[in-house]
Number of protein chains: 2
Amino acid sequence: MIDREGPTPLYVQVADAIQARIDAGELLPNRPIPSENQLVQEYAVARGTARKAIQLLRDRGLVATVVGRGTYVATTANG
Amino acid sequence: MIDREGPTPLYVQVADAIQARIDAGELLPNRPIPSENQLVQEYAVARGTARKAIQLLRDRGLVATVVGRGTYVATTANG
DNA sequence: GTTCATTTGTCCGTATGTATC
DNA sequence: GGATACATACGGACAAATGAA
């Protein structure tokens, strides 16, 4: 799932993986995506990598983060 | 009524729900809103969450609180 | 005046999640 | 990767104010 030796940065791969789960309807609008700690475990990456992946998804407009609550699939993403 | 899995903090949702009751004329100026304990039961939240909701309504200028008495709809709100 | 119930105020701790360094 | 800070949410306990019995 994650190619550690390939040219694509890990955080991009993680972001793409999450986006695939959103596109597949596994992660629904206004529902939380896995927490940073969960992403760390699921993809076996460092916390900073998970955060950069979420940041990338934010920049893509696919998710929105609420401090103290979590990161959620944007309403506009597969609304 | 309250979406526990959504991105909006619970105390914001509770405050919005009460404000909706004020706007609808269900809660009248100079009349008490439900007590903290009542809000705890009605919305199935912790007392701290109910208190933060009331605090938010105070900041919005919609209610005023009297220690030992209760919280009342502001005269200016739907006067 | 005392007692009691109700209500708000305050502090404690625990857990989870994000933000920052 | 680790440590710390801040925000959300829950739960418990006790104090203080109010009003009624």
Side-chain angles (χ1 to χ4, degrees), chain A residues 2 4-5 9-19 21-22 26-75 77, chain B residues 1-22 26-75 77:
Chain A
I2 299 294
R4 286 193 134 66
E5 299 173 3
L10 286 188
Y11 75 93
V12 175
Q13 294 186 48
V14 172
D16 289 344
I18 298 173
Q19 178 168 352
R21 291 164 72 175
I22 294 175
E26 177 190 339
L27 300 175
L28 298 173
N30 284 324
R31 296 291 165 214
I33 70 171
S35 71
E36 293 176 356
N37 285 335
Q38 283 176 323
L39 293 179
V40 166
Q41 293 182 1
E42 291 181 20
Y43 296 100
V45 295
R47 179 122 184 273
T49 303
R51 286 183 59 79
K52 286 190 72 172
I54 294 175
Q55 173 67 50
L56 185 54
L57 292 173
R58 262 199 303 268
D59 294 343
R60 291 177 179 171
L62 291 176
V63 301
T65 296
V66 182
V67 180
R69 201 135 164 85
T71 297
Y72 295 78
V73 178
T75 316
Chain B
M1 193 182 298
I2 300 294
D3 183 7
R4 281 196 142 64
E5 298 177 5
T8 307
L10 292 190
Y11 74 93
V12 175
Q13 294 186 48
V14 172
D16 289 344
I18 298 173
Q19 178 168 354
R21 291 164 73 173
I22 294 175
E26 176 190 340
L27 299 175
L28 298 174
N30 288 322
R31 295 281 168 201
I33 71 172
S35 71
E36 293 175 358
N37 285 335
Q38 283 176 324
L39 293 178
V40 165
Q41 293 182 1
E42 291 181 21
Y43 295 101
V45 295
R47 191 172 163 225
T49 304
R51 286 183 59 79
K52 286 196 74 172
I54 294 175
Q55 173 69 51
L56 188 53
L57 293 174
R58 262 199 303 270
D59 294 342
R60 291 176 180 172
L62 292 175
V63 301
T65 297
V66 182
V67 182
R69 287 268 319 150
T71 298
Y72 295 78
V73 179
T75 316

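Lettering of chains follows the sequences in order, A, B, ..., and the numbering in each one begins at 1.
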Could you tell me which non-hydrogen atom of [X] sits nearest to which non-hydrogen atom of [Y], and how far apart they are?
X       : Y       : value
A:Leu39 : A:Val45 : O-CG2, 4.1 Å
A:Tyr72 : A:Asn30 : CD2-O, 3.9 Å
B:Ile54 : B:Val63 : O-CG2, 4.2 Å

Between [atom2] of [N] and [atom1] of [X], the distance in whole Å:
X       : N      : atom1 : atom2 : result
A:Lys52 : D:dG1  : NZ    : P     : 16 Å
B:Asp3  : D:dA9  : CG    : C1'   : 15 Å
A:Gln55 : C:dA19 : CD    : P     : 9 Å
B:Leu10 : D:dA7  : CG    : C1'   : 13 Å

Look for any protein N or O under 3.5 Å of an N or O in nucleotides 8-15 of chain C and output each such pair with its distance, or none.
residue : atom : partner : partner atom : Å
C:dT8   : OP2  : B:Glu36 : N            : 2.9
C:dG9   : OP2  : B:Arg51 : NH1          : 3.1
C:dG9   : OP2  : B:Arg51 : NH2          : 3.2
C:dG9   : N7   : B:Arg47 : NH2          : 2.7
C:dG9   : O6   : B:Arg47 : NH1          : 2.8
C:dT10  : O4   : B:Arg47 : NH1          : 3.4

Starting from the C-alpha separation in whole Å, work towards a yes-or-no answer on side chain to side chain donor-acceptor pair (under 3.5 Å) for A:Gln55 and A:Asp59.
CA-CA 6 Å; A:Gln55 173 67 50; A:Asp59 294 343; 2.9 Å; yes

What's the separation between atom [atom1] in [X] and atom [atom2] in [Y], rounded to the nearest 0.5 Å?
X       : Y       : atom1 : atom2 : answer
A:Ile18 : A:Ile33 : CD1   : CD1   : 4.5 Å
A:Glu36 : A:Thr65 : CD    : OG1   : 8.0 Å
A:Arg31 : B:Asp3  : CZ    : CG    : 4.5 Å

Difference in axis direction between the ends of the helix from C:dT2-D:dA21 to C:dC21-D:dG2, five pairs, 10°
20°

Listed partners of A:Glu26 passing side-chain contact (heavy atoms from CB on, under 4.5 Å), at least two apart
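Result, side-chain contact (heavy atoms from CB on, under 4.5 Å) vs A:Glu26: A:Arg21.
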
Distance test, side-chain N/O of B:Tyr11 to OP1/OP2 of D:dA9, below 4.0 Å:
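No, outside the criterion.
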
Less than 4.0 angstrom between a side-chain N/O of B:Arg4 and OP1 or OP2 of C:dT16, yes or no?
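No, B:Arg4 has no side-chain N/O under 4.0 Å of OP1/OP2 on C:dT16.
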
